[in-house]
Protein chains: 2
Amino acid sequence: MKKKASLSEDCLRNIRAMKDAQDLLSGKWKIAIIGSLHYNERLRFTDLGRHLEGIAPKVLSKELKDLEMNHLLKRTVKNTTPITVEYELTQQGKSLKKVVEAMSNWGVQYRKSIASK
Amino acid sequence: MKKKASLSEDCLRNIRAMKDAQDLLSGKWKIAIIGSLHYNERLRFTDLGRHLEGIAPKVLSKELKDLEMNHLLKRTVKNTTPITVEYELTQQGKSLKKVVEAMSNWGVQYRKSIASK
DNA sequence: CAGAATCCCTGGGGATACTG
DNA sequence: CAGTATCCCCAGGGATTCTG
């Protein structure tokens with residue numbers, strides 16, 4: 001016999017899922033990084049920096065490592081002189097498309113609604 | 001005459017929008033809070049806490065204030081004894097639906113893909 | 001170019017106890 | 001019930017300089 005649980009297990013599961021997502025995307029830059037790669041397919045370290053406006057190389061480096069560890073993006077060293085490195089989303093990373101787009105759209109919307117006040 | 005800019009203004013705009021969103025939703029709990037209210041319509045302080053599993057009241061209180069300041073949720077004091085307070089999403093807050101759902105779905109997906117490894 | 005090394009510092013976040 | 005009040009701590013993040 002089913003009763004409505006006061007705290008649906010379903011609901012808790014979803015909330016945990018959201019927390020998971022936010023944890024992996026924690027920090028001030030990760031979403032933006034994923035977003036950049038979402039719009040640009042593949043980027044090099046410095047180019048990525050240019051997209052992010054104001055991020056320090058150390059921080060960028062660390063964020064990239066985090067994302068790589070979670071298999072959201074892939075790092076490729078090109079054998080050129082000088083050496084270049086390319087970053088691109090993995091399949092996992094690409095699966096964030098919906099999230100990235102939702103946030104982007106919402107952000108644009110939000111700016112408008114603030115501006116019109 | 002249109003030329004492809006090396007750093008599309010469009011792209012930067014989107015990235016900024018994402019940063020905006022992430023800033024408003026910064027911290028470990030905001031998304032989860034929005035999510036809870038997305039699934040439950042309206043909740044009281046303590047109930048909200050129950051959904052979030054492990055959050056300290058001080059922290060919850062602060063997160064709620066932040067969200068309220070950004071007009072993402074509304075606080076209502078009920079004239080009961082003892083006093084009760086209800087939180088619910090504003091229209092602004094509800095507009096985050098897409099974001100919340102995207103993150104939730106992705107989180108569930110991600111858990112599976114990790115578990116199956 | 002792609003980072004690593006250093007130094008620094010605030011504030012986000014937690015634990016616990018208390019109150020109207 | 002719905003929060004405050006305190007105390008505390010570390011890591012996220014920044015600025016700058018250096019290197020293979």
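Throughout, protein chains are lettered first and strands after them, A, B, ... in sequence-line order, and every chain is numbered starting at 1.
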With a 3.5 Å cut-off and sequence neighbours excluded, list the donor-acceptor pairs that the side chains of residues 72-82 of chain A form with protein atoms.
{"unit_1": "Thr80(A)", "atom_1": "OG1", "unit_2": "Pro82(A)", "atom_2": "O", "d": "2.8"}
{"unit_1": "Thr80(A)", "atom_1": "OG1", "unit_2": "Thr84(A)", "atom_2": "N", "d": "3.3"}
{"unit_1": "Thr80(A)", "atom_1": "OG1", "unit_2": "Thr84(A)", "atom_2": "OG1", "d": "3.3"}

What integer distance in Å separates [X]:[atom1] from [N]:[atom2]?
| X | N | atom1 | atom2 | result |
| --- | --- | --- | --- | --- |
| Asp66(A) | dG3(C) | CG | C1' | 15 Å |
| Asn79(B) | dC1(D) | CG | P | 18 Å |
| Leu60(B) | dG12(C) | CG | P | 16 Å |

For [N], take OP1 and OP2 only and decide whether either is under 4.0 Å from a side-chain N or O of [X].
| X | N | result |
| --- | --- | --- |
| Thr84(B) | dC1(D) | no |
| Thr46(B) | dA2(D) | yes |
| Lys65(B) | dA2(D) | no |
| Tyr87(A) | dC1(C) | no |
| Arg75(B) | dG3(D) | yes |
| Ser61(B) | dT4(D) | yes |

Which listed nucleotide (dG13(D), dG3(C), dA2(D)) is nearest to the side chain of Glu63(A)? dG13(D)

Nucleotide of dG14(D), dG3(D), dG14(C) approaching Lys28(B) most closely (side-chain heavy atoms): dG14(C)

5'-most contact on DNA chain D (nearest-nucleotide basis), Ala56(A) vs Val85(B), goes to Val85(B)

If each of Pro57(A) and Lys62(A) is mapped to the nucleotide of DNA chain D with the nearest heavy atom, which maps nearer the 5' terminus, i.e. the 5' end? Lys62(A)

Is any NZ, NE, NH1 or NH2 atom of the basic residue among Asp66(A) and Lys62(A) found under 4.0 Å from an Asp or Glu carboxylate oxygen of the other? yes

Kindly say whether Tyr110(B) contributes a backbone atom to a donor-acceptor pair with the side chain of Gln92(A) at under 3.5 angstrom? no

For the side chain of Lys58(A) and the base of dG14(D), is some donor closer than 3.5 Å to an acceptor across the two? yes

Under 3.5 Å, is there a donor on one side chain and an acceptor on the other for Gln109(A) and Ser95(B)? no

